[in-house]
Amino acid sequence: MRRESANGIVFYQFEGLDGAGLTHAILTRLGGVSQGPFATLNLGHTVGDDLNAVQENHRRVFALFGVDRGQVVSPYQVHSAHIRFVGREHGGTVQNGTDGLLTTSPGLMLLFRFADCVPLLLWDPVHRAVGLAHAGWRGVAGGVVRAAVEAFVRHIGSRPEDLWAGIGPAIGPCCYQVGPEVVASVAQAFSLRPDLVHHRADGLYLDLPGVVRAELEAQGVRQIEMSGICTACHTDEWFSHRAEGGRTGRFGVLVMLDR
Ligand SMILES: [Zn+2]
């Protein structure tokens, strides 16, 4: 990923999407007005931050990328495997109970929010369709990665081998200590490669971005770009639910097909 900065907002972009005709960004926590644990570019409405600050943060992000609120659709993320196909008529809405959205509508921006869970961006250059998914361990155990690929196949007619996938900053195996029940849940959902669970003196550590990658590969996706950034290791740039004891903000990930 490449680090960029504009109007005080620091964000990253996947190099694999250069020239694709998409607007996309993995926003950091830098460039907003929120204070304290939400400093500064918090886009989460339900984390305890001042809603005026959250609104101003959105205003700055939308201004930077040249969209208005009526062009943006977000999910109300619930760690599910529900993926929804959206069109221009969904602009300005929040889609309840869903953790993935995909669209073929130019000028419709998908905006998701993260603090350790895995951001997954999918792009079908053949059919010009984009999608985002939110993949925490519950979602992964529930099949959200497979569901996202299947949604492209069902709604768009995509071939998995044509899909391009970007895996954004998330908590890495360096920091993601989990209980055996988490490993068991993920392993129950699909065959969990042993190298994706690290055994250390103080317990088990799960490589969640690696699990998402393995699941994508199992679905036939071949082109995958990994950010390799651990949110918990870098709270100077990222919100991390785990590293900050649950009291933190959410950074945004956005994508839109250019008109
Ligand atoms: Zn880490």
Side-chain angles (χ1 to χ4, degrees), residues 1-5 9-16 24-32 34 36-44 47 77 79 99 112-121 132-141 144-145 165-187 189-190 192-217 224-254:
M1 284 199 311
R2 190 178 47 238
R3 191 178 189 273
E4 303 279 355
S5 174
I9 293 178
V10 176
F11 58 98
Y12 285 74
Q13 291 181 317
F14 290 112
E15 278 134 353
H24 86 284
I26 299 92
L27 300 164
T28 64
R29 67 191 296 170
L30 305 176
S34 293
F38 313 110
T40 55
L41 192 60
N42 167 46
L43 296 182
V47 293
Q77 299 161 194
H79 298 278
D99 286 86
F112 283 45
R113 298 161 176 89
F114 297 88
D116 290 344
C117 288
V118 180
L120 171 61
L121 192 161
L132 285 176
H134 163 251
W137 77 262
R138 281 192 189 82
V140 167
V144 70
V145 177
I167 295 175
I171 193 165
C174 40
C175 297
Y176 195 32
Q177 188 174 12
V178 295
E181 73 286 355
V182 170
V183 172
S185 289
V186 175
F190 51 87
L192 182 57
R193 281 201 334 254
D195 62 298
L196 297 172
V197 182
H198 301 202
H199 296 256
R200 299 202 196 115
D202 63 343
L204 300 171
Y205 288 75
L206 182 63
D207 181 355
L208 194 59
V211 172
V212 171
R213 180 189 190 122
E215 183 66 347
L216 285 168
E217 288 170 345
I224 303 170
E225 181 173 340
M226 308 277 289
S227 82
I229 294 173
C230 171
T231 45
C233 282
H234 301 286
T235 53
D236 53 328
E237 288 208 328
W238 310 98
F239 295 114
S240 170
H241 189 268
R242 177 66 67 95
E244 298 175 285
R247 191 160 165 77
T248 190
R250 299 289 181 270
F251 61 86
V253 175
L254 58 87

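Note that ligands are numbered from 1 as they come in the structure, with each ligand's atoms numbered from 1 the same way. Computed from a prediction, not measured in an experiment: that's the story for all the values here. Hydrogens, waters and symmetry mates are skipped; everything else that's a heavy atom, side chains included, is used.
Under the 3.5 Å distance criterion, the side-chain polar atoms of D99 are left unmatched by any main-chain donor or acceptor of Q77.
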Side-chain donor-acceptor distances from residues 165-186 under 3.5 Å, at least two apart:
from : atom 1 : to   : atom 2 : distance (Å)
Q177 : NE2    : D202 : O      : 2.5
S185 : OG     : E181 : O      : 3.1

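Take R247 and apply the salt bridge (Lys or Arg N to Asp or Glu O under 4.0 Å) test, not counting sequence neighbours, and it matches no residue. Under the ring pair (Phe, Tyr, Trp, His ring centres under 6.0 Å) criterion, F112 pairs with no residue, sequence neighbours left out.
Taking the six-membered ring where the residue is Trp, F114 and H134 present tilted rings, their angle falling between 30° and 60°.
Environment of CZ in R138: sparse, with no more than 12 heavy atoms of neighbouring residues, nucleotides or ligands closer than 6.0 Å.
Protein atoms that are N, O or S and lie under 2.8 Å from the Zn ion (ligand 1) are these: C174 SG, C175 SG, C230 SG, C233 SG.
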